[in-house]
Amino acid sequence: MVSSSPSAGVVRSDLYDAWLFDLDGVITRTARVHARAWKRTFDEYLQHVADRTAAPFVPFEIDPEYYSYVDGKPRYEGVDSFLRSRGIALEWGDPGDAPNVETVCGIGNRKNSLFQQVLEEEGVEIFPASIALIGALHDQGKRVAVVTSSKNCDLVLRTANLSNLFEVRVDGNTAAARMLPGKPKPDTFLAATEELGVPPERAVVVEDAIAGVAAGKAGGFGLVLGVARQDDMEALREHGADLVVRDLAEITLE
Ligand SMILES: [Mg+2]
């Protein structure tokens, strides 16, 4: 029987003019730093709620709760989504809320300050194969953008010495300024293709998060490439990835 599915890891380069890369977990290993900062933030808060209500303290589990409710989403939406899964509905608050204010924004801001602290202490690790692939794409004259929910994109890229890697950046600050809904909505990826002047069907979305591959599918992009850092190949396929690899070293441009 002849299969019509593409061979694992082979991408027909001539079909696409632009590549849109997620940042955390695709280019940089910051997903782990994010997960740790989220765990500390939520555990402190859940402990606080447990003390107040005499209900048992049930810690935040990175697997599955981080991946199901938080990973890849804009910060405040991640807070709201996880807390609701635990039956906690907080007021949204204001992005200017201090990190000790009991609102969605306050808790998100607490996480952000912990994240920046860890970043400064430990630096940023990169995925070398991702940088190598981007180099090969540049050599072929392809357009390359970064599309991330992170409002720390500039800080992360500077810390990793990657400030010149991307022609176009759409990050959490761009999304807030232009009022673009975050992943799993496709709008931030569509803003990147629009800025590059490339139609979505001629663009590849590269994502490690469920919300991210879902955004790629929703936007009608030419190829949604999932990077299964968490051994979650099936989940990425189910949510819209056309092709899934464990690392971009497995990708061959044809
Ligand atoms: Mg990611």
Side-chain angles (χ1 to χ4, degrees), residues 16-31 33-34 37-38 70-81 92-97 104-105 108-109 111-113 115-116 119 124 126 130-131 134 137-138 142-222 224-225 227 240:
Y16 313 107
D17 303 316
W19 288 61
L20 317 176
F21 288 85
D22 173 48
L23 181 63
D24 301 323
V26 171
I27 305 295
T28 54
R29 279 185 191 271
T30 33
V33 183
H34 280 291
W38 279 118
V70 181
D71 188 22
K73 289 185 188 168
R75 191 186 310 152
Y76 302 138
E77 272 150 58
V79 173
D80 190 53
S81 166
W92 194 264
D94 181 90
D97 284 354
V104 167
C105 291
N109 292 347
K111 182 267 170 177
N112 194 43
S113 69
F115 173 77
Q116 291 181 342
L119 206 64
V124 177
I126 56 164
S130 303
I131 310 304
I134 291 172
L137 293 169
H138 281 151
K142 303 296 179 188
R143 322 284 302 278
V144 182
V146 63
V147 179
T148 172
S149 302
S150 175
K151 288 186 172 170
N152 290 302
C153 179
D154 188 60
L155 175 67
V156 169
L157 289 177
R158 272 191 289 117
T159 308
N161 286 321
L162 299 175
S163 288
N164 298 320
L165 203 60
F166 300 102
E167 181 179 347
V168 161
R169 287 184 199 181
V170 177
D171 66 11
N173 301 305
T174 322
R178 297 193 207 158
M179 304 208 300
L180 301 172
K183 306 166 188 178
K185 294 276 181 357
D187 302 59
T188 50
F189 284 112
L190 292 168
T193 45
E194 195 181 313
E195 204 167 319
L196 290 167
V198 172
E201 61 271 20
R202 297 281 305 172
V204 180
V205 164
V206 189
E207 261 288 351
D208 71 314
I210 287 169
V213 294
K217 185 182 170 73
F221 293 92
V224 180
L225 173 51
V227 188

How many angstroms lie between CG in Asn173 and OG in Ser149, if you round to the nearest 0.5 Å? 11.5 Å
Rounded at 0.5 Å granularity, tell me how far NZ in Lys111 sits from NE2 in His34. 4.5 Å
To the closest 0.5 Å, what do you measure between CZ (Arg169) and OG1 (Thr174)? 9.5 Å
Any side-chain heavy-atom pair from Asp71 and Ile210 closer than 4.5 angstrom? no
Supply the atom-to-atom distance Lys151 NZ to Tyr76 OH, rounded to the nearest 0.5 angstrom. 5.0 Å
Side chain of Thr193, backbone of Leu190: donor and acceptor closer than 3.5 Å? yes
Less than 4.5 Å apart, side chain to side chain, heavy atoms only: is that true for Cys105 and Asp94? no
Between Ala192 and Leu20, which heavy-atom pair has the shortest distance, and what is it? CB-CD2, 4.0 Å
For residues Leu157 and Leu165, determine if any side-chain heavy atom of one lies less than 4.5 Å from a side-chain heavy atom of the other. no
The residue among Lys142, Arg143, Arg202 that forms side chain to side chain donor-acceptor pair (under 3.5 Å) with Asp17 is Arg202
Spacing of Asp171 atom CG and Phe166 atom CZ [to the nearest 0.5 Å]: 12.0 Å
By ring-ring contact (aromatic ring centres under 6.0 Å, His included), Phe21 pairs with (sequence neighbours left out) none
Please give me the minimum heavy-atom distance between Gly240 and Lys217, naming the atom from each residue. CA-CD, 3.5 Å
Would you say Asn109 and Asp97 are linked by a side-chain donor-acceptor pair, where the criterion is simply a distance under 3.5 Å? no
Taking every heavy atom of Ser150 against every heavy atom of Asp24, the minimum-distance pair comes out as CB-OD2, 3.8 Å
When you compare the side chain of Phe189 with that of Val224, does any pair of heavy atoms fall below 4.5 Å? no
Taking the side chain as everything from C-beta on, heavy atoms only, tell me whether Trp19 gets closer than 4.5 Å to Ile134. no
Contacts under 3.5 angstrom, residues 179-187 side chains, donor-acceptor by atom type, not counting sequence neighbours:
residue, atom, partner, partner atom, Å
Lys183, NZ, Asp22, OD1, 3.1
Lys183, NZ, Val147, O, 2.9
Lys183, NZ, Glu207, OE2, 2.6

Between Arg178 and Glu194 (salt bridge meaning N to carboxylate O under 4.0 Å), is one present in this structure? no
Distance from Ile126 atom CD1 to Ile131 atom CD1, nearest 0.5 Å? 4.5 Å
Does the side chain of Val33 reach to within under 4.5 Å of the side chain of Val124, using non-hydrogen atoms? no
Do Thr148 and Val156 come within less than 4.5 Å of each other through their side chains, counting heavy atoms only? no
Determine whether Asn112 and Arg75 make a side-chain contact, defined as any pair of heavy atoms from C-beta on separated by less than 4.5 Å. yes
